[in-house]
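Notes follow once the structure below has been shown.
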Amino acid sequence: MPELPEVETIRQDLRRKILDKQIIDVQILNKKTVQNEEGKFLRILTNNRIKEIDRVGKLLIFELNRKNFLLAHLKMTGQLIYVKDKPFGLAQGREITAGGHSERNTDLNLPHKHTRVIITFEDNAKLYFNDLRLFGYMKIVGEKDKEKIKLAFGIEPLTKNFTLSNFENIFKNRKTSLKAILLNQQLIAGLGNIYADEVCFAAGVNPFKPANELKKPEIKKLFLEIQKVLKQAILSRGTTFNNYVDSDGNKGNYLEHLKVYGRADEPCAKCKVGLKRRKLGGRSTVFCSICQK
DNA sequence: CCTTGTGTTCTCCG
DNA sequence: CCGGAGAACACAAG
């Protein structure tokens, strides 16, 4: 479940690894993952270079030469794993030394049965797009389409465009629940089920509360907590609940910071009363009925 | 049965 | 009957 902090972690790491390197080979192992005609995808990528890596919400945008853009969305179970050229005699990826704080949970004997696309660079390093459930995708688009897609997203919460007044406007004249607002990518980009629940708890607001019933101080608290939670999650390199790993195959460290997500029936961190779990828009939602009004 | 991100489709209301 | 909002569904696999 990569959300903004996880996708941002991948973006920052990959920027240092693959920028400006020539792509010498591309393999499509599962056609469903690539949303272009196969020949076009291979033709545009091969011999091209990634000039910059951008992100909007949970979507990665690799800027290529000649005004082409490779979009990559991980959806629920996608991974982008970078592996340097293997020293002779060692299995791919096994040379990485121990000692990191993070725990490796990915079989780095790549490719494996969930590898869908492999991009090879001039130094024989490889970028693997793995995806167990086949929801994720890669797609090459031109500049016009790229801009159109970016415009469809709402405010980026960690940019200067995210102002209290912009945020307040989102709540006006809307009857839907607070959490539905937070999850709506066309309003605010990047929050998913984990961070939406965490932000509601941190702000002390009930996720089921209708948007137009929120008071100004509640909106302000949400505004501040969105930024605080996302920044801390990025510093922790994201949350690994099930499937997520960074581009080195390492887990994120934010799991231990989660106060509500995945903690139904556990005591609330603030008041010690058992956390509740209810469905909201088909999504599991965990909250404290005492601390979140 | 459960898990979730997002695009599409359906329904409701003024 | 139109527009928009919001809810429901579809998808995928383990």
Side-chain angles (χ1 to χ4, degrees), chain A residues 1-8 10-11 29-36 55-61 71-80 105-107 112-117 129-139 141 145-146 148-154 156-157 169-200 207-214 230 233 238-245 252 254-255 258 260-265 275-287:
Chain A
M1 298 158 279
E3 303 178 24
L4 188 152
E6 292 76 31
V7 178
E8 178 62 17
I10 292 171
R11 186 189 77 83
L29 282 69
N30 185 297
K31 285 190 184 184
K32 197 177 169 296
T33 299
V34 174
Q35 294 192 344
N36 301 98
R55 175 190 59 73
V56 51
K58 304 161 192 169
L59 181 68
L60 282 168
I61 304 176
L71 311 180
H73 203 303
L74 303 174
K75 293 285 180 90
M76 292 178 64
T77 59
Q79 303 174 330
L80 275 170
N105 86 333
T106 298
D107 178 8
H112 56 50
K113 64 176 175 175
H114 301 308
T115 302
R116 311 306 185 182
V117 176
F129 186 102
N130 300 329
D131 188 18
L132 185 131
R133 292 190 189 175
L134 292 172
F135 267 28
Y137 64 86
M138 286 184 142
K139 184 183 191 179
V141 297
D145 283 348
K146 187 261 300 181
K148 220 167 97 183
I149 288 162
K150 283 184 80 167
L151 283 174
F153 281 88
E156 275 290 326
N169 285 337
I170 291 174
F171 291 87
K172 289 179 185 152
N173 305 319
R174 285 181 202 272
K175 291 179 182 169
T176 194
S177 66
L178 164 61
K179 185 173 172 183
I181 300 265
L182 296 180
L183 290 176
N184 187 333
Q185 303 300 301
Q186 289 157 296
L187 300 177
I188 305 155
L191 294 174
N193 210 28
I194 296 176
Y195 295 107
D197 276 7
E198 293 301 315
V199 163
C200 289
F208 290 84
K209 194 162 185 173
N212 57 4
E213 291 179 19
L214 290 176
L230 291 177
T239 301
T240 297
F241 198 82
N242 294 319
N243 191 255
Y244 168 75
V245 288
Y254 198 73
L255 183 71
L258 298 182
V260 285
Y261 183 86
R263 296 192 185 277
D265 303 326
L275 296 171
K276 305 273 185 241
R277 181 161 72 103
R278 281 170 58 193
K279 287 270 181 197
L280 190 158
R283 304 301 178 223
S284 175
T285 299
V286 184
F287 65 104

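Worth saying up front: this structure is predicted, and the values here are computed from it rather than measured. Just so we're on the same page: letters track the sequence lines, and every chain starts at 1.
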Practice problem: Give one of base, sugar-phosphate or nothing for A/Arg277, where a contact means two heavy atoms less than 4.0 Å apart. | Solution: sugar-phosphate
Quiz prompt | Over all atoms of both residues, closest heavy-atom pair of A/Pro2 and A/Leu74 | solution =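 Minimum heavy-atom contact is CG-CB, 3.6 Å.
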Give the rounded distance in Å between these two atoms: [atom1] of [X] and [atom2] of [N].
X	N	atom1	atom2	value
A/Lys32	C/dC11	NZ	P	10 Å
A/Phe171	C/dA5	CZ	C1'	16 Å
A/Phe208	C/dG6	CZ	P	16 Å
A/Leu280	B/dT3	CG	C1'	16 Å

Practice problem: Treat primed atoms plus P, OP1 and OP2 as sugar-phosphate and everything else as base, then score nucleotides 4-14 of chain B 5' to 3': B for base contact with protein heavy atoms under 4.0 Å, S for sugar-phosphate contact only, - for none. | Solution: BBB--------
Self-check item: Pairwise 5' ranking along DNA chain C for A/Arg174 and A/His114, keeping only the more 5' one
Solution: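 It is A/Arg174 whose nearest nucleotide is closer to the 5' end.
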Quiz prompt | pair A/Asp265-A/Arg277: side-chain heavy atoms closer than 4.5 Å | solution = no
Quiz item: Counting only side-chain N and O atoms of A/Thr77, is one of them less than 4.0 Å from OP1 or OP2 of C/dA13?
Solution: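 A/Thr77 to C/dA13 OP1/OP2: no side-chain N or O under 4.0 Å.
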Practice problem: Kindly indicate, with the supporting measurements, whether the criterion side-chain hydrogen bond (donor to acceptor under 3.5 Å, both in side chains) is fulfilled by A/Thr77 and A/Asp131. | Solution: CA-CA 5 Å; A/Thr77 59; A/Asp131 188 18; 2.7 Å; yes
Quiz item: Taking atom types as modelled, is there a side-chain donor on A/Asn130 or A/Thr115 under 3.5 Å from an acceptor on the other?
Solution: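 Looking only at side-chain atoms, A/Thr115 and A/Asn130 do form a donor-acceptor pair, the distance falling under 3.5 Å.
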Quiz prompt | Pair A/Tyr195-A/Thr239, side-chain donor/acceptor within less than 3.5 Å | solution =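 Note: A/Tyr195 and A/Thr239 side chains meet the donor-acceptor criterion.
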Exercise. Answer yes or no: is there an ion pair linking A/Glu156 with A/Arg55, defined by an N-O contact shorter than 4.0 Å?
Key: yes
Less than 3.5 Å apart, which donor and acceptor atoms pair up between the side chains of residues 279-286 of chain A and the rest of the protein, not counting sequence neighbours?
| unit_1 | atom_1 | unit_2 | atom_2 | d |
| --- | --- | --- | --- | --- |
| A/Thr285 | OG1 | A/Lys179 | NZ | 2.7 |
| A/Thr285 | OG1 | A/Arg283 | O | 3.3 |

Quiz item: Between A/Phe208 and A/Arg278, is there a cation-pi geometry (under 6.0 Å to ring centre, at most 45° from the normal)?
Solution: yes
Quiz item: What is the bend of the helix from B/dC2-C/dG14 to B/dG14-C/dC2 when you compare the axis at one end with the axis at the other, using five pairs each and rounding to 10°?
Solution: 40°
